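Beneath this line is the structure, given in structure tokens, with notes to follow.
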Amino acid sequence: MSDNDAVRNTPLHDCHLESGARLVEFAGWRMPVQYSGVIDEHRAVRAAAGLFDVSHMGEIRVAGPGAEQALERLTPNNVARLRPGRAHYSALLTERGTYIDDLLVYRLSGDEFLLVVNAANTDRDLEWVLAHAGEGAEVSDVSKDYALLALQGPRAAEILRQITDADLAALQYYRFAESEVHGRRMIVSRTGYTGEDGFELYTAPADAADLWRRLLEVGGSLGLVPAGLGARDTLRLEAAMALYGHELDDSTTPLEAALEWTVKWKKGDFIGRDALLEQRQAGPGRRLTGFEVSGRGIARQGSAVLVDGAVVGAVTSGTWSPTFEKAIGMAYVGTEHAAPQLQIELEVRGRRLPGRTVELPFYRRG
Amino acid sequence: MSETYPNDLRYSEDHEWVRRQGDGLCRVGITAFAQDELGEVVFVDLPEVGKVFEAGDEIGTIESVKAVAEIYSPVAGEAVAVNGALEDEPEKVNADVYGDGWLVELRYSSEAELEALMDAEAYEQFVSGR
């Protein structure tokens, strides 16, 4: 962002002030980083439920008779097999097979799609999609049409059921429906970024504050709390979900990031396929691994990973895990070191902390 | 003055507080402002007893879920005790920042140096002007 770009407030700004949020600037938005505290909020989401404002996320609409074909070419996952009412996790890749962004693709109807992208990348993504969509696909940034609330946790369905007649039992993981919630039409999607069951609600900005307050009202007695970006980060890290700018960027590929499952080799050509195929044949030189620190300290992004005194990789994300009560993280290491239970050291402020590699994810819901 | 910055303490620009304990000793901790900025503390690293510091030397680190902060000695002196309880219960820094959350006890070298630190009123001005 340049200095003269104003920092934007989400439609829920007043709600955050009411809830005593600590606000920070993130990707050009003023966002709640925490309310009661990161650890409290994290544990509430694992035990009951949390409500997140993720309205900063970008939405790009791709529609028209050429939309499916455009997205088949633009993303590595199989769009042709994605039915209306379903979403999948995918990416925009460069010709080198590296990440421009990671995203969710929603198929709204036969020839209408919604791409949900990272806030910081929205403009660049839009430019890329516009440049490569080809004939018959109309591409537009519709971010301003949506506020996005994420209701996450084992009690999320129980809470949402109190303000909607939608058939939530039929709404399986990675499915969505346009439904009425608290008297308003919105997209109810069974997705999330916490490793828990939960929903993401794409609503009109004008309806967002009312929905937020109503959810907290009906969910409060079931343990629902507002939760900020701090807890979102510790939750996604325990669940080993990648974050653009950390695990993913324009130097990393899905094969390195343990996201090969998003690459559908048999579907036909897509941007980045040749480079990825080459990397698959040669074998990627590095791979994402989980680690935990047994020494006292957190190895954060940029910390070197060492084996027998030699640097073998670098940390992409690190935090203190409220669930496991120890420091955990993810790192790219040479493929030969990407196996669990290897002794490693993490360099933190000139000191070397002992640790070991562990299998991902750290946390899987029961 | 509010309880946020007790009147009987002195304060440094690095957001440490100092309390005289008598016999030339003082305790050092972090201020409510610093605690609030850091959030939940998960690791505290403290110096070895017997180490000697100049004012401004790093004497340890405090790590929260969100960030890590260096602790600087507000005055010159020798560490005569550290709050070992924080190894297992670092959250005491959040719960009782001016009491059980103390970090280090120093035998300080100069009364004048301690006296030159900010009083509660000056510190409150200092943080509100940020």
Side-chain angles (χ1 to χ4, degrees), chain A residues 20-26 31-45 227-238 292-303 315 317-329 346-355, chain B residues 2-4 14-15 30-49 51 53 56-73 79 82-97 100-104 127-128 130:
Chain A
R22 174 183 293 273
L23 299 164
V24 295
E25 192 186 325
F26 180 80
M31 299 297 294
V33 65
Q34 67 169 64
Y35 302 83
S36 61
V38 176
I39 297 174
D40 279 357
E41 293 161 29
H42 179 111
R43 289 186 173 146
V45 174
L229 292 183
R232 185 168 158 87
D233 191 53
T234 54
L235 288 158
R236 71 93 194 167
L237 188 41
E238 284 185 353
E292 58 183 44
V293 181
S294 44
R296 292 161 44 75
I298 298 171
R300 300 178 195 265
Q301 185 170 31
S303 284
V315 173
S317 294
T319 192
W320 190 82
S321 159
T323 302
F324 303 105
E325 301 192 325
K326 59 176 109 171
I328 61 168
L346 291 312
E347 194 163 282
V348 177
R349 293 184 298 283
R351 289 192 305 161
R352 290 180 183 179
L353 303 175
Chain B
S2 65
E3 289 171 28
T4 314
D14 298 315
H15 309 288
I30 63 166
T31 68
F33 174 84
Q35 182 275 131
D36 191 51
E37 288 283 305
L38 274 170
E40 294 120 312
V41 173
V42 292
F43 295 111
V44 179
D45 267 325
L46 297 173
E48 284 165 35
V49 168
K51 270 196 103 168
F53 301 99
D57 282 357
E58 185 180 322
I59 55 173
T61 56
I62 294 192
E63 188 143 28
S64 71
V65 179
K66 290 184 294 191
V68 61
E70 284 80 30
I71 312 159
Y72 299 102
S73 189
V82 297
N83 187 358
L86 299 180
E87 186 157 332
D88 291 329
E89 295 174 283
E91 63 274 15
K92 284 184 170 180
V93 174
N94 300 112
D96 189 7
V97 74
D100 288 347
W102 68 279
L103 302 173
V104 182
V127 295
S128 64
R130 284 165 62 90

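Reminder, nothing fancy here: chain letters follow the sequence lines and each chain counts from 1. As the structure is a prediction and not an experimental result, all values here were calculated from the model.
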Item checked: Which of A/Val33, A/Ile39, A/Thr319, A/Asp233 touches chain B most, by non-hydrogen pairs under 4.5 Å -> A/Ile39

Notebook entry, point to check: Hey, are the side chains of A/Arg296 and B/Glu87 touching, using non-hydrogen atoms and a 4.5 Å cut-off?
Noted result: yes

Notebook entry, point to check: Are any non-hydrogen side-chain atoms of B/Asp36 and A/Arg22 less than 4.5 angstrom apart?
Noted result: yes

Item checked: Atom NZ of B/Lys51: over 12 foreign heavy atoms under 6.0 Å -> no

Notebook entry, point to check: Of all heavy-atom pairs between B/Val65 and A/Arg300, which one has the smallest distance, and what is that distance?
Noted result: O-NH1, 3.0 Å

Item checked: Portion of B/Ser64 that has a non-hydrogen atom of chain A nearer than 4.5 angstrom -> backbone

Margin query: Between A/Arg351 and B/Asp45, does any side-chain N to carboxylate O distance fall below 4.0 Å?
Written below: yes

Item checked: Distance, nearest 0.5 Å, that separates CG of A/Leu229 from NZ of B/Lys66 -> 11.0 Å

Item checked: Inter-residue atom distance A/Trp320.CH2 - B/Glu40.CD, 0.5 Å rounding -> 8.5 Å

Notebook entry, point to check: Counting heavy atoms not belonging to B/Glu48, are there more than 12 under 6.0 Å from its CD?
Noted result: no

Checklist line | A/Gln34, part contacting chain B, at a heavy-atom distance under 4.5 Å | finding: side chain

Note to self: Need one label for B/Glu70: side chain, backbone, both or neither, based on atoms under 4.5 Å from any heavy atom in chain A.
What the structure shows: side chain

